[in-house]
Amino acid sequence: MPTRIDYDAKIPNNVELSDNRRLQRALEGWQPKFMHWWAEMGPALETQGVYLRTAVSVGREGWAHFDHVVPQDYRWGIFLSERDPDRRIAFGEHRGEPAWQQVPGEYRADLQRLIVIQGDTEPASVEQQKLLGLTAPSLYDLRNLFQVNVEEGRHLWAMVYLLHAYFGKEGREEAEALLYRNSGSPDTPRILGAFNEETADWLAFYMFTYFTDRDGKYQLGTLKESAFDPLSRTCEFMLKEEAHHMFVGTTGVDRVVTRSAELIREHDTTDIAAHGGIPLEIIQRYLNFHYTVSLDLFGSETSTNAANYYTAGLKGRWMETRRKDDHQLTEDAAVLEKPQDDGTWTTEEMQKILLLNLDLRSEYIADCSSGVKRWNKILADAGIDFSFRLPHPGFNRKVGINSGHHITPDGTIVDEATWERSRKHWLPTDEDLAFVRSLMHPVYERGKIASWVAPPRQGINGKPFDYEYVYL
């Protein structure tokens with residue numbers, strides 16, 4: 001497989017699409033439907049050019065090119081990382097066998113389902129962020145929004161290619177449905193709940209790209225381990241692009257916290273709403289919401305489906321090959337903490353293979369903690385006595401063993417009345433949302449930025465902050 005990408009083709013690709021005329025025609029038939037979806041559901045703000053990176057190679061060095069591109073002219077394509085001809089399955093009952101280049105018949109339905117669920121998240125986030133360009137705090141941020149959006153569109157292409165290439169008529173029908181469902185639609189919503197939530201302001205966008213895109217990182221990481229080699233190679237390249245999305249979230253929240261800290265010091269008060277800043281308590285409540293909604297994406301703590309996927313070799317663990325065990329998990333045990341109706345917690349020892357969702361969630365939580373440490377260091381360096389915290393994993397859950405209980409951010413199980421009385425202290429209120437949205441005024445002048453967020457420490461691809469990242 002070539003590492004360079006053929007941009008002379010109607011659909012840029014490095015999968016030698018021209019050698020399979022039937023597949024090429026099918027994807028070229030889907031292409032205008034995608035473009036219609038982008039025009040209707042993609043970014044509402046029209047531009048004359050955005051400083052975007054475009055993949056030109058799947059190799060390790062010099063893989064992307066930067067230039068101003070009109071977003072609707074972006075060359076979405078199909079890119080798989082380089083194939084390792086000696087790759088072996090790393091886990092499950094097929095461990096040690098050669099990786100699959102075709103879909104085994106007995107796993108066809110499960111693999112298709114995994115690809116559809118992953119594919120459904122990609123256009124959903126574009127739909128959620130449709131209006132954000134109208135209130136961008138700077139051209140730098142506007143450019144980052146478009147970069148995230150066009151790459152989420154390309155990730156949709158990645159899943160659609162697999163559906164068309166390996167799953168026949170059913171795969172083609174599922175590819176159509178990926179454009180038919182829409183985020184938040186009452187009739188045809190997206191499959192996963194977090195992708196039907198509204199992203200109505202830029203603090204929510206930063207939180208989404210920090211927490212929810214980070215979930216995407218871990219889900220892609222498990223699929224990268226798949227015995228189905230085309231899926232593995234697809235996800236490996238997607239992870240390279242996904243890193244920027246999490247960078248947008250990490251540094252975005254950094255900059256909000258930095259600006260709030262500046263205003264606290266300048267006015268000697270934490271009540272900075274009147275001075276155009278976002279109070280730290282509101283940032284914490286946004287954190288609580290986006291973190292817990294993202295935890296739901298990991299599914300139930302106990303899962304026979306996840307166990308079956310693992311045994312079959314369809315979906316591995318995060319960093320599977322680095323694990324120091326037998327990669328079978330049939331004899332291993334792990335402990336699950338469970339809430340009780342009497343308000344206490346208990347533990348239960350279970351087969352480790354039944355707790356794979358919990359294993360992945362634990363990796364995610366540890367990663368999320370690094371961002372909280374960053375944000376707390378900003379406050380500590382500014383001499384501000386406040387610390388952000390990740391709430392208890394049972395807090396505000398709609399999926400899993402905690403979903404039927406009322407659990408506070410510190411992990412206390414309370415009754416419904418107590419929880420409802422206190423939720424205004426834990427989750428964004430209508431007043432919080434209205435206040436943050438009141439700050440969302442667009443700043444499109446070069447080198448200027450909204451008053452509620454600090455500028456970045458450096459620009460994109462070596463460019464300064466005051467570079468003209470977007471032509472309007």
Side-chain angles (χ1 to χ4, degrees), residues 43 45 50-53 125-126 128-152 194 197-217 241-263 276-280 282-291 293-294 367-379 388 390 428 432-433 436-437 439-444 448-461 463 465 467 469-470:
L45 181 69
V50 181
Y51 189 67
L52 297 174
R53 71 176 183 185
S125 58
V126 177
Q128 289 173 295
Q129 298 157 16
K130 176 180 176 67
L131 300 178
L132 286 178
L134 302 175
T135 58
S138 71
L139 290 182
Y140 166 90
D141 289 285
L142 182 58
R143 176 264 166 210
N144 284 343
L145 171 67
F146 274 100
Q147 186 70 64
V148 169
N149 284 175
V150 295
E151 288 180 348
E152 299 292 16
E197 298 287 348
E198 188 178 21
T199 306
D201 61 68
W202 278 79
L203 179 57
F205 173 65
Y206 297 145
M207 291 290 180
F208 182 97
T209 47
Y210 185 82
F211 288 112
T212 307
D213 278 324
R214 195 166 304 275
D215 162 78
K217 164 188 168 180
E241 295 174 318
E242 195 76 22
H244 175 72
H245 307 181
M246 291 180 290
F247 163 83
V248 170
T250 302
T251 59
V253 180
D254 281 0
R255 293 160 50 217
V256 176
V257 173
T258 296
R259 181 57 180 152
S260 294
E262 290 172 352
L263 289 169
I278 302 178
L280 302 180
I282 292 181
I283 298 174
Q284 177 68 63
R285 289 195 283 272
Y286 267 67
L287 182 161
N288 289 348
F289 175 78
H290 286 274
Y291 172 66
V293 167
S294 299
D367 196 356
C368 288
S369 298
S370 64
V372 175
K373 291 176 182 176
R374 287 173 62 111
W375 307 329
N376 285 337
K377 187 176 186 303
I378 293 170
L379 297 180
F388 296 109
L390 292 178
D432 291 339
L433 298 173
V436 174
R437 290 173 193 175
L439 300 177
M440 299 294 116
H441 300 293
V443 178
Y444 297 146
K448 302 295 185 181
I449 194 165
S451 62
W452 55 269
V453 60
R457 292 183 177 180
Q458 57 188 27
I460 298 296
N461 192 36
K463 302 296 184 185
F465 170 64
Y467 181 69
Y469 287 103
V470 182

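Computed from a predicted model, the values in this text were never measured in an experiment.
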[X] side chain near [Y] side chain, heavy-atom distance below 4.5 Å:
X: Lys130; Y: Pro43; value: no
X: Tyr467; Y: Leu139; value: no
X: Val443; Y: Pro137; value: no
X: Leu379; Y: Leu280; value: yes
X: His441; Y: Thr135; value: no
X: Leu287; Y: Trp375; value: yes

Assign the ring pair Tyr206 / Trp452 to parallel, tilted or perpendicular, where the plane angle (0 to 90°) is split at 30° and 60°.
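Tyr206 vs Trp452 ring planes: tilted.
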What class does the angle between the rings of Tyr286 and His290 fall in, given that below 30° is parallel, 30 to 60° is tilted and above 60° is perpendicular?
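Rings of Tyr286 and His290: parallel, as their planes differ by under 30°.
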Shortest non-hydrogen contact from [X] toward [Y]:
X: Gly133; Y: Leu145; value: N-CD2, 3.4 Å
X: Pro456; Y: Phe465; value: CD-CD1, 3.4 Å
X: Gly276; Y: Ser451; value: O-OG, 3.9 Å
X: Ile449; Y: Pro455; value: CD1-CA, 3.5 Å

Going through the checks in order, is the side-chain contact (heavy atoms from CB on, under 4.5 Å) test met by Cys368 and Arg214?
CA-CA 8 Å; Cys368 288; Arg214 195 166 304 275; 4.0 Å; yes
Give me the one residue out of Thr212, Ile283, Val293, Asn288 that meets side chain to side chain contact (heavy atoms under 4.5 Å, CB included) with Met207.
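Of Thr212, Ile283, Val293, Asn288, side chain to side chain contact (heavy atoms under 4.5 Å, CB included) with Met207 is met by Ile283 alone.
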Side chain to side chain donor-acceptor pair (under 3.5 Å), that's the test. Do Asn144 and Tyr469 meet it? Break it down for me.
CA-CA 9 Å; Asn144 284 343; Tyr469 287 103; over 6 Å; no
Distance, nearest 0.5 Å, that separates [atom1] of [X] from [atom2] of [Y]:
X: Ile378; Y: Thr258; atom1: CD1; atom2: OG1; value: 3.5 Å
X: Tyr210; Y: Ser294; atom1: OH; atom2: OG; value: 11.0 Å
X: Asp215; Y: Asp367; atom1: CG; atom2: CG; value: 11.5 Å
X: Thr199; Y: Phe205; atom1: OG1; atom2: CZ; value: 8.5 Å
X: Leu131; Y: Met440; atom1: CG; atom2: CE; value: 13.5 Å

Under the 3.5 angstrom rule, does the side chain of [X] hit a backbone N or O of [Y] as a donor-acceptor pair?
X: Gln128; Y: Glu197; value: yes
X: Tyr444; Y: Val470; value: no
X: Arg259; Y: Gly277; value: no
X: Asp201; Y: Val436; value: no
X: Asp213; Y: Gly216; value: no
X: Trp202; Y: Leu132; value: yes
X: Thr209; Y: Gly249; value: yes
X: Thr250; Y: Phe247; value: no

Are Asp254 and Arg457 ion-paired here, with the side-chain N under 4.0 Å from a carboxylate O?
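Result for this pair is no, no salt bridge flagged.
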Salt bridge between Lys217 and Glu241, side-chain N to carboxylate O under 4.0 Å?
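Looking at Glu241 together with Lys217, the answer is no, because their closest N to O distance does not fall below 4.0 Å.
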For a side-chain contact (heavy atoms from CB on, under 4.5 Å) check, start with the C-alpha distance between Leu45 and Leu142, then their side-chain angles and the critical distance, and finish with the verdict.
CA-CA 10 Å; Leu45 181 69; Leu142 182 58; 3.7 Å; yes
Around atom CD of Glu262, are there more than 12 heavy atoms from other residues, nucleotides or ligands closer than 6.0 Å?
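Correct, the count exceeds 12.
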Regarding Arg285 and the six-membered ring of Phe289, is the cationic atom NZ or CZ under 6.0 Å from the ring centre and inside 45° of its axis?
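No, a cation-pi geometry is absent between Arg285 and Phe289.
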What residue pairs, at least two apart or across chains, pass salt bridge (Lys or Arg N to Asp or Glu O under 4.0 Å) with a residue in residues 137-152?
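Checked against salt bridge (Lys or Arg N to Asp or Glu O under 4.0 Å) - neighbours excluded - the pairs reaching residues 137-152 are Arg53-Glu151, Asp141-Arg255.
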